[in-house]
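Quick notes on the structure that follows.
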Amino acid sequence: MPETKVKKSEDFNEWYNEIVELADLCDKRYPIKGMNIWRPYGWKLMNHVDRLIRDEMIKTNHQEVCFPLLIPESYFKKEEEHIEGFGKEVFWVTHAGLTPLEERWLLRPTSETAMYPIFSLWIRSHTDLPLKTFQIVNTFRYETKQTRAFIRVREIHFFEAHTCHVDFTDAERQIQEDKEIADHLLQKLSLPYVFSKRPEWDKFAGAYYTISIDVLMPSGRTLQIGSIHQYRDNFAKPYEISYETEKGDHSFCHQTTYGMSERLLGALVGVHGDNKGLVMPPEVAPLQVVIIPIIFKGKEQTVLETSRTLQNELLEENIRSFIDDRDITPGNKYYDWELKGVPLRVEIGPRDVEKNALTLVRRDSGLKKSIPITNAEQMIKTELKDLEHILYTNAEKLLKDNMHQVLTIEEATQKTGIVALPWCGNKDCALEIENVLEGNTLGEPIENAGCSEHCPVCGSPAKTWMRYARSY
RNA sequence: GGGCCCGUGGGGUAGCUUGGUAUCCUUCUAGCUUGGGGUGCUAGUGACUUGAGUUCAAAUCUCAACGGGCCCA
């Protein structure tokens, strides 16, 4: 069996670096830090993830838009907290040719400040609401810390939904919908996750509150793959997004955003991959089945014909497949496709054809079996479903085994992954725990209110649980 | 912001201390061979980040720039 040089369990970070390049996802040789090249296979994969996101957006009546990349400084500066949060990591455009610009432009780090002045033009009446938009674009953030493919980059492939509502309640309803969207999507990616409400000092710049969506990587560190923000009317006021109510008054909109990025791909790689390479959930696998004809001189005809017949049958079932008839040895092809995480491999050789059968190999378990060629596409469909299920189950176990709820800092230091401790609500107490655990606050669980224990730092009655983790 | 380390074919490397012909593996190309887990053989392409300095001579020593990585705040 082929293995990566670095084992996933021994040095996850190194393993990750090795795998993203070996599997042809990206090329990191571009000479600007944090700006990598999407290679064809990686880009296909990302497109499938985007497709799932679009499907969810369309189902929930969001409209796709595309705003300009450049934002005038004056637009950007309207909301104070927002500038403070992003100011240090924006790229500026100062010249056009040799001429200095009268007003500087910036590359969007996110699109609130590009969109909202325009929203204020679009929205006149309560009948224009809710306004539900989204776009999938690249955003730019000048990261100074260490970059990592798909996880911390300077040019980010980004999904952002922006909505405007008549009031806080309707915006809250949107946030419920966003949570459902996240759930559907992450199920399809076989990625179990946790929602946490970020503490006040760690929320998105300008938000009323922020819900983060985190997955747990096998290294024990969390990866935030999305966030949902309730803005209330924090942006609507400076950007003057108001509407005329039924009664003829004027009122500010309440807004939400929902963002996700190429980190989803990072999570797919990290959570499902193994020492043989990627393991892709069938929903997003660029190829769901690879067909390898076993060619012997003189017998290639029947083997290739059988392969083509199967491919056509798979096509009718909307299963993405490819016949690898390259002139290299079969073993070589196995390695290749295992590295790329193709969920199922079908081998068709003279032996199979004779028996009216084909050989089916699972990427997750490596198990091989011979199945009848009649109705093979149905069997394959079932196997794909089962594989998706197994991926989810394994990932869920990883998450559950690494989520802990404890009462003292002492106990917390013994744990890996996500640790929840009682919290009194005082920032200093949380920061103290961050220090000792060498981790960060993730936020409070959103599903439960309250905690009847005591803060492990100051001893006061706890208001809630607070989660801590080392994160990417 | 402060400190440290590193730049050699597409990838991984040896050589640097003590200056002189750049090593090996892999990939790639061509041909034959082989083909149910990386087939074998033959031939071939391809590199010292850039600039300045020291020197008869620099991958090697010095300085700088650019690029990459790590640690601390």
Side-chain angles (χ1 to χ4, degrees), chain A residues 1-7 11-37 39-42 87-89 142-149 151-155 219 221 274-277 279 289-304 306-307 310 323-342 344-371 373 376 431-432 434-436 438-440 470 472:
Chain A
M1 281 285 162
E3 300 268 298
T4 46
K5 272 182 244 155
V6 185
K7 301 290 167 276
D11 188 342
F12 176 82
N13 293 334
E14 268 303 308
W15 168 87
Y16 181 89
N17 280 335
E18 189 183 337
I19 223 80
V20 293
E21 287 205 285
L22 279 178
D24 258 356
L25 298 179
C26 67
D27 195 323
K28 292 190 287 198
R29 289 171 299 183
Y30 198 73
I32 299 177
K33 180 176 172 151
M35 294 194 182
N36 301 323
I37 292 129
R39 286 164 157 264
Y41 191 73
K88 283 182 186 151
E89 48 185 62
Y142 180 76
E143 292 289 349
T144 52
K145 286 189 207 163
Q146 190 196 354
T147 54
R148 201 185 300 277
I151 290 180
R152 188 176 294 280
V153 289
R154 287 174 169 178
E155 178 171 359
S219 57
R221 292 167 74 174
D274 62 22
N275 290 335
K276 292 190 276 175
V279 182
V289 178
V290 62
I291 302 166
I292 314 243
I294 309 296
I295 293 164
F296 285 85
K297 281 240 163 69
K299 295 179 184 174
E300 53 276 66
Q301 213 50 33
T302 49
V303 164
L304 282 171
T306 312
S307 301
L310 176 68
I323 301 172
D324 187 354
D325 59 358
R326 285 178 297 168
D327 188 21
I328 52 177
T329 55
N332 230 311
K333 299 175 186 177
Y334 302 163
Y335 281 75
D336 259 22
W337 297 112
E338 280 167 0
L339 195 54
K340 290 195 159 79
V342 177
L344 292 177
R345 177 174 87 231
V346 170
E347 301 171 17
I348 300 176
R351 277 204 314 256
D352 302 291
V353 176
E354 263 170 47
K355 290 188 293 181
N356 246 326
L358 42 83
T359 304
L360 191 67
V361 188
R362 294 259 302 232
R363 175 60 182 85
D364 57 332
S365 58
L367 290 179
K368 242 181 210 198
K369 63 178 165 188
S370 183
I371 65 164
I373 210 156
L431 293 185
E432 168 67 21
E434 277 191 349
N435 252 330
V436 179
E438 292 175 330
N440 298 99
R470 294 197 64 205
Y472 280 104

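- Paired with A/R39 under the rule side chain to side chain contact (heavy atoms under 4.5 Å, CB included), one option of A/D27, A/L25, A/V20 passes, and it is A/D27.
- For A/I371, the side-chain contact (heavy atoms from CB on, under 4.5 Å) partners two or more places apart in sequence, or in a different chain, are A/L358, A/L360, A/K369, A/A376, A/M379.
- Look at the P atom in both B/G31 and B/G67: the space between them is 43 Å, to the nearest Å.
- With both ends at atom C1', the span from B/G46 to B/A22 equals 14 Å, rounded to whole Å.
- Nucleotides B/G10 and B/U50 have their P atoms positioned 13 Å apart, rounded to a whole Å.
- With respect to the salt-bridge test (charged N to carboxylate O, under 4.0 angstrom), the residues A/D324 and A/R345 do not qualify.
- Summarising the geometry, the separation between CH2 on A/W337 and P on B/G37 is reported as 19 Å, rounded to the nearest angstrom.
- The partner of B/G67 is B/C6, by the rule that a Watson-Crick or G-U pair needs both atom distances under 3.5 Å.
- A/T147 has a side-chain polar atom (N or O) that falls below the 4.0 Å cut-off from OP1 or OP2 of B/G69.
- Comparing the C1' positions of B/U18 and B/G3 gives a spacing of 31 Å, expressed to the nearest Å.
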Quick one: which protein N/O atoms are closer than 3.5 Å to N/O atoms of nucleotides 39-46 of chain B? Pair and distance per line, please.
residue: B/U39; atom: OP1; partner: A/T329; partner atom: OG1; Å: 3.3
residue: B/U39; atom: OP1; partner: A/N332; partner atom: ND2; Å: 3.4
residue: B/U39; atom: OP2; partner: A/T329; partner atom: OG1; Å: 2.5

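- Taking atom P on both B/C25 and B/G37, the two are 26 Å apart, rounded to the nearest angstrom.
- Separating the CZ atom of A/F296 from the P atom of B/U33 is a distance of 16 Å, rounded to the nearest angstrom.
- At a cut-off of 3.5 angstrom, the base of B/G37 holds at least one donor-acceptor pair with the side chain of A/R345.
- Here the side chain of A/D336 is nearest to one of B/G38, B/G37, B/G36, namely B/G38.
- Atom pair A/L360:CG and B/G36:C1' shows a separation of 15 Å (rounding to whole Å applied).
- Taking atom OH of residue A/Y334 and atom P of nucleotide B/G36, one finds them 7 Å apart after rounding to whole Å.
- For A/R351, there are no side-chain contact (heavy atoms from CB on, under 4.5 Å) partners two or more places apart in sequence or in a different chain.
- In this entry B/G31 has B/C41 as its Watson-Crick or G-U wobble partner, both defining distances falling under 3.5 Å.
- For OH of A/Y142, the number of neighbouring non-hydrogen atoms (other residues, nucleotides, ligands) closer than 6.0 Å is 12 at most.
- Within 4.0 Å of A/I328, counting heavy atoms only, lies at least one base atom of the nucleic acid.
- Under the side-chain contact (heavy atoms from CB on, under 4.5 Å) criterion, A/D352 pairs with A/T359, sequence neighbours left out.
- Annotation: B/U62 and B/U17 have their P atoms spaced 10 Å apart (nearest Å).
- Note: NZ (A/K28) to P (B/G10) measures 18 Å, nearest angstrom.
- The CG-P distance, from A/N435 to B/A73, rounds to 9 Å in whole Å.
- Base pairing of B/G1 is made with B/C72, judged by Watson-Crick or G-U wobble geometry with both donor-acceptor distances under 3.5 Å.
- Here A/E14 pairs with nothing under the salt bridge (Lys or Arg N to Asp or Glu O under 4.0 Å) rule; sequence neighbours left out.
- Residue-to-nucleotide proximity on RNA chain B shows that, of A/V361 and A/R29, the 5′-proximal contact is made by A/R29.
- Side-chain contact between A/Y334 and A/E347: present, with at least one pair of heavy atoms (C-beta onward) separated by less than 4.5 Å.
- Checked by distance alone, A/E338 brings a side-chain donor or acceptor within 3.5 Å of a matching partner on the base of B/G37.
- For A/D336, the salt bridge (Lys or Arg N to Asp or Glu O under 4.0 Å) partners at least two apart in sequence or on another chain are A/R326.
- In this structure, A/I292 places its CD1 atom 13 Å from C1' of B/G38, rounding to the nearest Å.
- One can place CD of A/E300 at 16 Å from C1' of B/G36, the figure rounded to the nearest angstrom.
- The residue A/K33 sits close only to the backbone: its heavy atoms come under 4.0 Å of sugar-phosphate atoms, none of a base.
- Comparing B/G2 with B/A47, their P atoms sit 39 Å apart, to the nearest whole Å.
- Between the C1' atoms of B/C16 and B/C6, the separation comes to 14 Å (whole Å).
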